[in-house]
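Let me begin by presenting the structure, written as structure tokens, before commenting on it.
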Amino acid sequence: MGEETKPHIVIFPTPGIGHLIPLTELAKQLIHNYNFSITLILPSAGPPSTAMKSVLDALPQTIDHIFLSPFNLDDQPKDAKGETKMSIAMVRSLPYLHEELKRITSSKRVAAMVVDLFGTDAFDIAKEFGIPPYIFFPCNANVLQLLFNLSSLHESYSGEFKDLPQPLSLPGCVPIPGTEVLAPLQDKKNDAYKWFLHHARRYSLAEGILINTFVDLEPGVLKVLMAGQQPGRPPVYPVGPITGRRSSIDKGFDDASGCLQWLDNQPPVSVLFVSFGSCGVLSHEQMIELAYGLEMSEQRFLWVVKCPRAETVDASFSKHTSTDPLDFLPDGYLTRTNGLGYLVPSWAPQMQILNHESTGGFLSHCGWNSTLESTVCGLPMITWPLYAEQRMNAVMLVEDIRVAVRPMPDGNGLIGREEISRVVRTLMIEGGEGQSLRNKMRELKESAAEVLSENGSSNMSLHEVVNKWKLTA
Ligand code: UDP
């Protein structure tokens, strides 16, 4: 089939590497397994980050990507939340999206437009061009169930989630204490809450929702979400785990930091990987506790170190304006931990690290991509949630799926070095309490491979959506 006659899919992701990675992986599957052609239409804040460039450079040539004219958020207050900024960025990109769709539809049969969490305002434009709109939901099914119920919760309960007297218990879901509910929903007066409510209400306009999870991971809630179609609820297709590539021989890959080479020289299952996603940062005080905690645990670790939050660095600290994350560590740290720890500033090839045979655990901020990546590699976790829906993910991992351990903060919200050392030793010392978490994660690793196999449930779900798209085209 010639490129012009192949059914075409347009993907319009929200800015952020955590959105781009799973959507590009979905795009690759659609190209390789189903013979679609694809255009990724990318809202742009300016030149792409290095991480984004490396994801895009590694795309096969059959996936087109277009950067829209940059949006401007200069009028937004300094303390505007990420969810607000992302939603406004999407809205301000709509006129450019319109132009691109006009161009694409003049020569191609577009079978669907896929957006993610914050892209629902593009539905109107998709409909104008007769393109069925779909959502790729990059979080888990517990979060989707919360968003499906958000409008009715908003009508029936005027207080804040943190003040709920009982954990929030939605059909099929893990009960979530109010304080652990999605961070941007914790202040109803904040615009981030209003944007979530806006998008959640518009989810009903989608023709279907592809969700990056799988049946064995969230059996209860997926059973509820997939039990016949409810009015105003689009069909839900669990198609996960869709994760980044594991192979270090992928195009565009470069072990510039040398961390994979370092891992090659460590014993099997001995290294704890420590990373807080694309934008998770700690206070300076917390970073120092983490440094000491890792050292005290006497376990091997590979830590992606980021500069602490600027406002938490004491101005009297001699290097307080440095841009090198390693400058914020305790004095003599690199020398003392030499041989035990390996530190990579800012960004590391996460999927290759998790897939390395020397890696034995993951201390993570529990972003959903990181959680799935740990799952497909069979690695138990230490949960350290920071923002977005990560607290909900942590509750699920520790209390429901039982593949993780969570360090407890002291009365001031600081996780102390002794506590960090304790959880690291719990997870990493062979034969200890961590063993049952590891065993459970290994079972899930097998399930994850199974659901993606030819007759596996996630593969069949994707097949179902694709068949609908092929009929549309
Ligand atoms: N990632 C990476 N190297 C890093 C940090 C992050 O490759 O140093 C990738 C990670 O593998 C994952 C994504 O970036 O695919 C982060 O997504 P996640 O949902 O875990 O967290 P977010 O950054 O969106 O909070």
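As the structure is a prediction and not an experimental result, all values here were calculated from the model. FYI, the numbering just counts along the sequence from 1.
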- Message: Asp116 vs Thr14, test: side-chain hydrogen bond (donor to acceptor under 3.5 Å, both in side chains). Steps then yes/no.
- Response: CA-CA 6 Å; Asp116 58 31; Thr14 304; 2.3 Å; yes
- Is a side-chain donor or acceptor of Thr213 paired with a backbone partner of Pro238 at a separation under 3.5 angstrom? no
- Between Glu83 and Trp195, is there a donor-acceptor pair closer than 3.5 Å when you use the side chain of the first and the backbone of the second? no
- Message: When you measure from the side chain of Thr426 to the backbone of Glu433, do you find a donor-acceptor pair of N or O atoms at a distance under 3.5 Å?
- Response: no
- Query: Is the distance between the ring centroids of His284 and Phe317 less than 6.0 Å?
  - Reply: yes
- Item | Nearest non-hydrogen partners of Met381 and Leu427, listed with the distance | O-CD1, 3.7 Å
- Query: Within the side chain of Ser44, is there an N or O that forms a donor-acceptor pair under 3.5 Å with the backbone of Phe67?
  - Reply: no
- Has the side chain of Ser370 got a donor or acceptor atom that lies under 3.5 Å from a matching backbone atom of Cys366? no
- Message: Ring centroids only, cut at 6.0 angstrom: are Tyr342 and Trp303 within range, meaning strictly under it?
- Response: no
- At their closest point, which heavy atom of Lys28 faces which heavy atom of Pro60, and how far apart are they? CG-CD, 4.1 Å
- May I have the step-by-step check of salt bridge (charged side-chain N to carboxylate O under 4.0 Å, His left out) for Arg309 and Glu311, ending in yes or no? CA-CA 6 Å; Arg309 287 202 307 277; Glu311 76 281 6; 3.2 Å; yes
- Note on the structure: In terms of heavy-atom contacts, Met90 and Pro43 come closest through SD-CG, 3.7 Å
- Message: Quick one: does any side-chain atom of Asn212 pair with a main-chain N or O of Ile242 as donor and acceptor, under 3.5 Å?
- Response: yes
